[in-house]
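Just below is one structure, and these are the notes that go with it.
So that the names make sense, note that chain A is the first sequence line, chain B the second, and so on, each numbered from 1.
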There are 2 protein chains.
Amino acid sequence: MTEPGLIELDRGVPSPVGTLTDRLFDALQRAIVEGEMPQGSKISEPELARRHGVSRGSLREAIARLEACKLVERKPNLGARVVELSAEQLIEIFQLREALEGMAARLAAEAMSDAEIDALGALLAQHGQQIEQEQGQAYFQKQGDLDFHFRIVQGSKNRQLIALLCEDRYHLLRMYRVQFGMRSQRCRQAFEEHQYLLSALRSRDPEMAELVMRQHVRSSRRNLEQALA
Amino acid sequence: MTEPGLIELDRGVPSPVGTLTDRLFDALQRAIVEGEMPQGSKISEPELARRHGVSRGSLREAIARLEACKLVERKPNLGARVVELSAEQLIEIFQLREALEGMAARLAAEAMSDAEIDALGALLAQHGQQIEQEQGQAYFQKQGDLDFHFRIVQGSKNRQLIALLCEDRYHLLRMYRVQFGMRSQRCRQAFEEHQYLLSALRSRDPEMAELVMRQHVRSSRRNLEQALA
DNA sequence: TTTGCATGAGGTGTTGACACTTTGCTTGCG
DNA sequence: CGCAAGCAAAGTGTCAACACCTCATGCAAA
């Protein structure tokens, strides 16, 4: 629920938090994820800098960070473009997730505290209610799913995994969800799989947790492949 | 054998390849991996810029890329420091590798061409000879091991995996190998495990390939944990 | 002696300007 | 009419200078 606040740039107040490059990075990242900057569109440094009332230097540093997140691609002397998510790349991302989140679940089964697991259970219960009431269908359910996976990764207590999935690649996944936002017929099934995973965590069974998580991500991928064909 | 050339900065010739930031990045990366810039040491932008005869702007972009590779850590208004590899973080990196390279091996079992697999076999045969002759013990064997894993990842044909392991995190692994360079008693065992993996690839058995690779990385990790204790 | 604040130096964040590269169009020649 | 060389505009790479922040040093007051 309380996702680390995205700072709005270009508002009345000059957002007195973080460095200028930080705020620029957040603003651009949001713009790309939401689709305001279309996939594959070219980024003109002078124009963007003018639009945001910022020098090119700061903008270039922000773009460098976006490049590290794989949200933009840059070629020397040719400039930067917003990344394009092809079908193949989406599938590759899901293969990456299968491996990484599977390992995260395995580690989480041993590293999460009882309190964290209980909190996860509460979150799931809430999701269940939302699904029953069929309210906030699209957005909230997807956000909920993201929250769930987010917490598992955090629960692994592995800083490499956390940095990679919750900071570096997190926004790329959000971009996929926002822009490819296919209505999830898989919603109820995904909810069940989340509960299986919760059981594995409660049993402190690493092997089972990894198995369930991998199967879960793989199902999502298969669903995606089918929808793309 | 033919690792993409590291460009030497500060030589007679002005290295007429790539942008200045690129060359700076390569030079700093090498310096960090080799230990010339000690772990945890602070990076003074003015001094480094002067030493390399470069403006601070270019240097800052190079540092931003190093940060993306996790080779340096930066805090606002406090500057950048070379990353410190603690024992815990090393273990976390190996857990990451187990997941990622396991998946890479799985995919490679289906995606690699027969020619690529044959070339891998030739590489392994060469390693075997080197081990027999006990020559070039430390460096070449470690480099050989890195080459082997490098090729498996490339063989997965998954651009996400390749970018992550062969570009983003590759140098962090090299840094560990160079600086923690423990003599590998495990050398012969690792060689055998590599051959098991080759067999799995030849059989086009994804399940087995992933299993062997994960076991291989896990053994390395256990060996590391033991050596650290 | 110790605590607190002022001050200065060093360092980082940010900016505007300059130089080179790319690109699309124009112009002149075959 | 087609094509190559050249030119102009836009864009990226690089730089030096300015503004703000942090930290350490020293001085003054309790």
Side-chain angles (χ1 to χ4, degrees), chain A residues 7-11 13-29 31-32 37-38 40-68 70-84, chain B residues 7-11 13-29 31-32 37-38 40-83:
Chain A
I7 292 87
E8 286 282 350
L9 202 59
D10 296 334
R11 284 295 178 83
V13 194
S15 313
V17 60
T19 163
L20 179 55
T21 301
D22 287 336
R23 281 173 278 157
L24 250 182
F25 172 70
D26 287 338
L28 293 180
Q29 174 191 280
I32 292 178
M37 302 174 72
S41 65
K42 181 157 171 25
I43 295 177
S44 168
E45 294 180 3
E47 183 197 331
L48 247 192
R50 217 176 330 116
R51 275 227 304 262
H52 288 266
V54 163
S55 87
R56 269 186 58 221
S58 307
L59 177 65
R60 281 172 67 87
E61 276 206 42
I63 292 180
R65 287 199 215 170
L66 292 173
E67 194 184 9
K70 311 293 181 191
L71 286 176
V72 311
E73 287 175 347
R74 243 170 64 168
K75 292 181 181 176
N77 287 316
L78 293 183
R81 311 187 85 90
V82 178
V83 72
E84 271 180 295
Chain B
I7 292 85
E8 284 283 350
L9 202 60
D10 297 333
R11 284 295 177 85
V13 195
S15 311
V17 60
T19 163
L20 178 55
T21 300
D22 288 335
R23 283 174 277 158
L24 251 181
F25 172 70
D26 288 337
L28 294 179
Q29 175 191 281
I32 293 178
M37 303 174 70
S41 66
K42 179 157 172 29
I43 295 176
S44 167
E45 294 181 2
E47 184 198 331
L48 247 192
R50 216 176 330 117
R51 275 226 304 264
H52 289 265
V54 161
S55 88
R56 271 186 56 222
S58 305
L59 177 65
R60 282 173 65 87
E61 276 205 42
I63 293 180
R65 288 198 214 171
L66 292 172
E67 192 185 9
C69 299
K70 311 291 182 193
L71 286 177
V72 311
E73 288 174 346
R74 242 168 68 169
K75 292 180 180 175
N77 287 316
L78 293 184
R81 310 187 85 88
V82 178
V83 73

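- Inter-residue side-chain proximity for A/Asp22 and A/Arg65 is flagged as met; some heavy-atom pair is nearer than 4.5 Å.
- A/Gly57 comes within 4.0 angstrom of a base, heavy atoms only.
- Put simply, CZ on B/Arg50 is 13 Å from P on D/dA16, counting in whole angstrom units.
- For the pair B/Val83 and B/Lys70, the minimum side-chain heavy-atom distance is 4.5 Å or more.
- When distances are taken from the side chain of B/Leu78 to each of D/dC23, D/dT14, C/dG13, the shortest belongs to D/dC23.
- Nearest to the side-chain atoms of A/Lys42 among the listed nucleotides D/dT12, D/dC15, C/dT15 stands D/dT12.
- A straight line from CG of B/Leu59 to C1' of C/dG11 spans 13 Å, rounded to a whole angstrom.
- The side chain of A/Ser58 contributes no N or O atom lying less than 4.0 Å from OP1 or OP2 of C/dG13.
- How far CG of B/Leu48 is from CE of B/Met37: 5.0 Å, rounded to the nearest 0.5 Å.
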Would B/Leu59 and B/His52 count as a side chain to side chain contact (heavy atoms under 4.5 Å, CB included) here? Give the steps.
CA-CA 9 Å; B/Leu59 177 65; B/His52 289 265; 5.9 Å; no
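- Comparing atom distances between the A/Arg74 side chain and each of D/dG13, C/dG11, D/dC15 picks out D/dG13 as nearest.
- Following rounding to the nearest Å, A/Glu45 (CD) and C/dG16 (C1') show an atom-to-atom distance of 14 Å.
- Spacing between atom CD of A/Glu47 and atom P of D/dT12 amounts to 10 Å, rounded to whole angstrom units.
- Between the CG atom of B/Leu24 and the P atom of D/dT14 there is a distance of 9 Å, rounded to whole Å.
- Proximity of B/Thr21 to the phosphate of D/dT14: a side-chain N or O atom is located under 4.0 Å from OP1 or OP2.
- Side-chain atoms of B/Arg81 do not come within 3.5 Å of backbone N or O of B/Glu73 as any donor-acceptor pair.
- In this structure, A/Arg23 places its CZ atom 11 Å from C1' of C/dT14, rounding to the nearest Å.
- With salt bridges taken as basic N to acidic carboxylate O contacts below 4.0 Å, one links A/Glu47 and A/Arg51.
- Regarding B/Glu67, its CD atom lies at a distance of 10 Å from the P atom of C/dG13, rounded to whole Å.
- Looking at heavy-atom distances under 4.0 Å, B/Ile43 makes contact with sugar-phosphate atoms alone, never a base.
- Among the nucleotides C/dT14, D/dA16, C/dG11, the one closest to any side-chain atom of B/Ser55 is D/dA16.
- Regarding contacts with the backbone of C/dG13, a side-chain N or O of B/Arg60 is found under 4.0 angstrom from either OP1 or OP2.
- Judged by distance alone, with hydrogens and angles left aside, A/Arg56 brings no side-chain donor or acceptor close enough to the base of D/dG11 to form a pair under 3.5 Å.
- For C/dT14, the OP1/OP2 oxygens have a side-chain nitrogen or oxygen of A/Thr19 closer than 4.0 Å.
- Minimum atom distance to the side chain of A/Leu20 is reached by C/dT15, of the listed C/dT15, C/dG11, D/dT22.
- In this structure, the nucleotide among D/dG11, C/dT15, C/dT12 sitting nearest to the side chain of B/Asn77 is C/dT12.
- For B/Glu61 and D/dG13, the CD to C1' distance is 8 Å, given to the nearest whole Å.
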